[in-house]
Amino acid sequence: MENSRKAFTDLIAKGVAAGSVMKRDEMMFSHKGILYPTTICSPEAFKALESFEARSDDVILAGYPKSGTNWLSQILNDLIAISQKKTLGKEKLEEFPYLEVGDPEKYERMLKLPSPRFMATHLRPENLPTSIFRKKVKILLLVRNPKDVATSFFHFSNGLGILPSYDTWDDFFTDFMSKKVAWGSYFEYLSEWNKYIDKENIMAITYEELKENPALGVKNIAAFFGIPLTEEELQLVVERSSFQSMKKNSEKTHGSFGNVFFRKGGVSDWKNLFSEEQNEKMDKVFEEQVAGTKLGKKLKYDVYCKA
Ligand code: A3P
């Protein structure tokens, strides 16, 4: 195990241990109407987060759970390392990278971290500390098609004991569609973020477009954050962030949970789970709630979510 990722693996291991002795209904708590895992989040940390002071050069990745946030986290950390002329993959992770996850004192410790600080978050924009928007911190917003997100979320819930597990896919689907999963409704997440989409400090990218053309995606992300890249550096970041490379390296980066974080890494696995009725249900909700929005259109639902 690479010691440099201890902040990640230790917190997950602690969460799994906590979850193993919790009753199912204790595993989540509600904060401002949204559910979060008790195993790794707390009302105290949410309170402390409110007064978190962002810096204008923080690098933020926002994405609903299972949208590929571990993938983009590596890309962004590599880009930061390049901007500082450091060797890729060698930096020590000081804090668990998801902003809302961890103990309430974490935000005090983050005051001491050198710039630029990287942080990921699954939070909706209205629940992020206001300083992020006041300081116009650059945010990369990652979105993935809802059918693959739900599929990935189901497997993750059954693979990692920080979340309640499910006997059947049908049970999970029902909860996913009725906001009973961690970090709340996917559809509301998209609708809320859509309100911010035209802000100059926000760039949206889809999992599917990055999968289709990783070099172009990485190039655009680097340009958005103002990080110049040589062709060689670009190729290195792309190669290091391929699903195969990340899965191969996952025991070092994510410990014994590597296989849970890096499962299939593809598009359309939902076809193995969704029934006709579930397809119709999700198509309808997508149409009603997000299809007409900019973010909804960006997802190319007809290409990635219609059989
Ligand atoms: P699957 O479960 O469909 O395989 P997150 O990191 O936000 O938890 O998202 C996890 C999803 O991203 C998983 O999807 C995982 O396999 C996928 N993923 C992780 N690294 C990836 C990579 N380098 N390329 C493509 N997909 C990746």
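Counting starts at 1 for both ligands and their atoms, following the listed order.
Residue Gly265 places at least one N or O, backbone or side chain, under 3.5 Å from an N or O of ligand 1. Inclusion of Phe262 in the set of residues having an N or O under 3.5 Å from an N or O of ligand 1 is not warranted. At least one N or O atom of Ser67, backbone or side chain, sits closer than 3.5 Å to an N or O atom of ligand 1. The N/O atoms of His122, backbone and side chain alike, include none that comes under 3.5 Å of an N/O atom in ligand 1. In terms of N/O distances under 3.5 Å, ligand 1 is approached by Asn70.
Between Tyr207 and the choices Arg144, Glu212, Lys66, the side chain to side chain contact (heavy atoms under 4.5 Å, CB included) rule is met once, by Arg144. Just one residue in the list Thr206, Ile205, Asn194 forms a side chain to side chain contact (heavy atoms under 4.5 Å, CB included) with Val143, and that residue is Thr206.
Each of the atoms 13 (C), 15 (C), 16 (O) of ligand 1 lies under 4.0 Å from some heavy atom of Phe261. Taking a cut-off of under 4.0 Å to the non-hydrogen atoms of Ser242, the atoms of ligand 1 that pass are 23 (N). Each of the atoms 4 (O), 16 (O) of ligand 1 lies under 4.0 Å from some heavy atom of Lys264.
Of all protein heavy atoms, the one closest to atom 9 (O) of ligand 1 is Gly68 N, 3.0 Å. Nearest protein heavy-atom neighbour of atom 16 (O) of ligand 1: Arg263 N, 3.1 Å. Here the heavy atom of the protein found nearest to atom 1 (P) of ligand 1 is Ser152 OG, 3.5 Å. Counting only heavy atoms of the protein, atom 23 (N) of ligand 1 lies nearest to Ser241 O, 2.9 Å. With hydrogens left out, the protein atom closest to atom 17 (C) of ligand 1 is Tyr207 OH, 3.9 Å, a heavy atom.
At most 12 heavy atoms of other shown residues, nucleotides or ligands fall within 6.0 angstrom of atom NZ in Lys179. Taking a 6.0 Å sphere around NZ of Lys306, one finds it holds more than 12 heavy atoms contributed by other residues, nucleotides or ligands.
Looking at Asp283 and Lys147, a side-chain N of the basic residue comes within less than 4.0 Å of a carboxylate O on the acidic one, giving a salt bridge.
No part of Ser245 comes within 4.0 Å of ligand 1, judged by heavy-atom distances. At a 4.0 Å heavy-atom cut-off, ligand 1 does not touch Phe156 at all.
Figure legend: Arg24 and Tyr166 shown as a cation-pi pair, the cationic atom lying under 6.0 angstrom from the six-membered ring centre and within 45 degrees of its axis. Geometric assessment of Lys106 against the ring of Phe96 yields a negative cation-pi assignment under the 6.0 Å and 45° thresholds.
At a threshold of 4.5 Å between side-chain heavy atoms, the hydrophobic network of Ile, Leu, Val, Met, Phe, Trp and Tyr places Leu163 and Leu35 in two separate groups. Both Leu128 and Leu141 are assigned to one and the same hydrophobic cluster, defined by single-linkage of ILVMFWY side chains at heavy-atom distances under 4.5 Å.
Considering Phe154, Phe243, Phe153, Tyr98 only, the shortest heavy-atom separation from atom 27 (C) of ligand 1 involves Phe243. Nearest-residue assignment for atom 14 (O) of ligand 1 (options Met246, His155, Lys66, Arg144; heavy-atom criterion): Arg144.
Defined by atom type and a distance below 3.5 Å, a donor-acceptor pair is present between the side-chain atoms of Thr121 and Glu100.
No close placement of the Tyr36 and His122 rings is indicated, their centers lying 6.0 Å or farther apart.
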